[in-house]
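Computation of the quantities below employed the complete heavy-atom set of this structure, encompassing side-chain atoms and omitting hydrogens, waters and symmetry-equivalent molecules. Naming: A, B, ... by sequence-line order, numbering from 1 per chain.
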Amino acid sequence: MKIVVCIKQVPDTTEVKLDPVTGTLIREGVPSIMNPDDKGGLELALELKDKYNAEVTVITMGPMQAEAVLREAFAMGADKAILLTDRKFAGADTLATSNALAGAIRTLEYDLVITGRQAIDGDTAQVGPQIAEHLDLPQVSYLQNLKYDGKKTFTIKKATEDGYQVVEVDSPCLVTVLATANEARYMTVRGIVEAFDKPVEVMGADKIDVDESKLGLKGSPTKVKKAFTKGVKSAGQVYEVDTEEAVGIIISKLKEKFII
Amino acid sequence: MDFSLKIEEELFLQMIREFAEKEVKPLAAEIDELEKFPTELVNKMGKIGLMGIPVPVKYGGQGGTNQMYSMAVEELSRSCGTTGVVVSAHTSLCVAPILENGTEEQKMKYLPKLASGEWVGAFGLTEPGAGTDAALQQTVAVDAGDKWILNGTKIFITNAGFAHVYIVIAMTDKSQGTRGISAFIVERGTPGFSIGKEEKKLGIRGSSTCELIFENCEIPKENLLGKVGRGFGLAMKTLDGGRIGIAAQALGIAQGAMDETVKYTKERKQFGKAIAKFQNTQFQLADMETKVQASRLLVRHAAYKKDQGMPYSVDAAMAKLFAAETSMEVTTKAIQFHGGYGYTREYPVERMFRDAKITEIYEGTSEVQRMVISGNLLK
């Protein structure tokens, strides 16, 4: 089995500050890490490697320094790594990103494509599903647990808003994984020592068969209208009452504030 | 002069910090309170390679550096002094002498299981009458043709109750003085070898410190480590390496106390403001931090020299001396900053203070380090 895992380098914080003037993320001084959902995806792939001897290729799109997450993936046990980097990819929104990643994945052999559910710096959860669409693959998102029959079929437990679903899907397919699906393994010391001797394949726009108009800023229809830091809300009041009384309280509060 | 870490050391630090924070720190208080040897942690550490960092891959190790090893001991000790010394005694005092002095057969037999953490290692030099004056060995090994017969008692042996392999120093020819001392590899379960009483200690309470008792203990001829009569030199060289480990342990404990103290002084309010706002706090913290960082540079420099194959005995002595005394000073001040709370087990600085003391004593007291340093100056 051949598995491709998409990983992203993200700033290590859930409290990223925004530049109030430009509305963009302030990244200086924030250490970079492997996106937690992607790490869950890589762990899933490595578990399949342990059990079924799968070959695991990790791929990331980003600037040259994004190589660090690929080295980390090597140290955890990944076999091959691809860094998708080119000035032509710069300024990409989710659509342009998924176009580039899908273009790179098309050059590879795969039975399973794994992405994290979403990245903690964007929280869109769009790139994985878009890659599946570009590659015309069946997709299962929000994966919590996966079982493989050893031949072709995956039985997947996926999280939904009010519970979970169990679905079956045949390879090739794409899954998006939650960080809570598993507990990612630590890098090993030997993995770390050897991670820097392994080659990282660097791929530019010329190596993938995607129209340049679909890449980078040019290929990004998303326009950011405004970005702002959420203001602090005052603490609410909790009433533990039955439904009828609760409705009464809500109506009187709305009237009090002249909303109704 | 390049003080920056290598890229693989940066990645290693990221891994070991995450491991220590998630796996070690939550257990530290319990390990201390219950005097519990951290067997589960040893298994976890073995799995990711922390029990055989500087061992070549061909002997089942990780192919890492002594620098990585000292960083590992530092970061583990930052959370738990016991866990730090378990790794240090295992690696520096058992794995290293086999790696540096063993025959190919001995290395193939012992190193893979030690490096994977399946076996834990220990080292027996100290005796009731042979502490700092280590040459006064009473344990004897007699050549009985196809075997050696050991008799005697070792005390204060770290990891003793849970180890599988012991490096034991014994007198083979009393008339030769230190040149009549030899080293042996003894396995747990060898007839005539037993573990004696376990010490109740002030600190590093989870590490198992016991006596080793040899009563007509017969060990195979091939378990001689190094050459006959070279055991004293082997032991001293082993301790040189061990001092980097203990210096790293002392440094880690000091850093742990710094972390706690910086956090606490920002939170604790007296006279209407955080105690961190008082200049007395600020100046003392500055002095503490400077000494901790100076210790780190000494430790890293000693480890660097060992990795480069340069003589490092004096550097290791300086690192251990300075880091151990810094550790004692910083943990003492950490308690003072915490006031009455710091004297209780509600805060970890009380444990760190108790753990720090031993670093001034074992693997050569601070006085021995001063002898090594001045001896080199005045030779």
- Using a 4.5 Å cut-off on heavy atoms from C-beta on, say whether the side chain of B:E9 contacts that of A:I192. no
- Check the surroundings of atom NZ in A:K158: do more than 12 heavy atoms from other residues, nucleotides or ligands lie under 6.0 Å from it? yes
- More than 12 heavy atoms of other residues, nucleotides or ligands under 6.0 Å from CG of A:D206: is that the case? yes
- Query: Quick one: are A:Y186 and B:I16 in side-chain contact, heavy atoms under 4.5 Å?
  - Reply: no
- Message: Heavy-atom cut-off 4.5 Å, strictly under: side chain, backbone, both or neither for B:K47 against chain A?
- Response: backbone
- Minimum side-chain heavy-atom gap B:F12-A:M187 below 4.5 Å: no
- Query: Quick one: what part of B:M15 sits under 4.5 Å from any heavy atom of chain A, side chain, backbone, both or neither?
  - Reply: both
- In sequence, state the C-alpha distance, the side-chain angles, and the governing distance for A:V193 and B:Q62, and then conclude on side-chain contact (heavy atoms from CB on, under 4.5 Å). CA-CA 8 Å; A:V193 173; B:Q62 303 289 313; 5.6 Å; no
- Message: Using a 6.0 Å cut-off, check whether atom CZ of A:F196 has over 12 heavy atoms from anything other than its own residue.
- Response: yes
- Counting heavy-atom pairs under 4.5 Å with chain A, the top scorer among B:M68, B:Q14, B:K6 is B:Q14
- Query: Is the number of heavy atoms from other residues, nucleotides or ligands within 6.0 Å of NZ (B:K36) greater than 12?
  - Reply: no
- Query: Using non-hydrogen atoms only, which part of B:L50 is less than 4.5 Å away from chain A: side chain, backbone, both, or neither?
  - Reply: both
- Message: Within this structure, what is the CD-CZ distance for the pair B:E8 and A:R71, rounded to the nearest 0.5 Å?
- Response: 10.5 Å
- Residue B:E18 excluded, over 12 heavy atoms near CD under 6.0 Å: yes
- Message: Using a 6.0 Å cut-off, check whether atom CD of A:E109 has over 12 heavy atoms from anything other than its own residue.
- Response: no
- Query: Any idea which heavy atoms bring B:L11 and A:A75 closest together, and the distance?
  - Reply: CD2-CB, 4.3 Å
- Task: Mark yes when over 12 heavy atoms from residues, nucleotides or ligands other than B:Q293 sit less than 6.0 Å from its CD; otherwise mark no.
- Result: yes
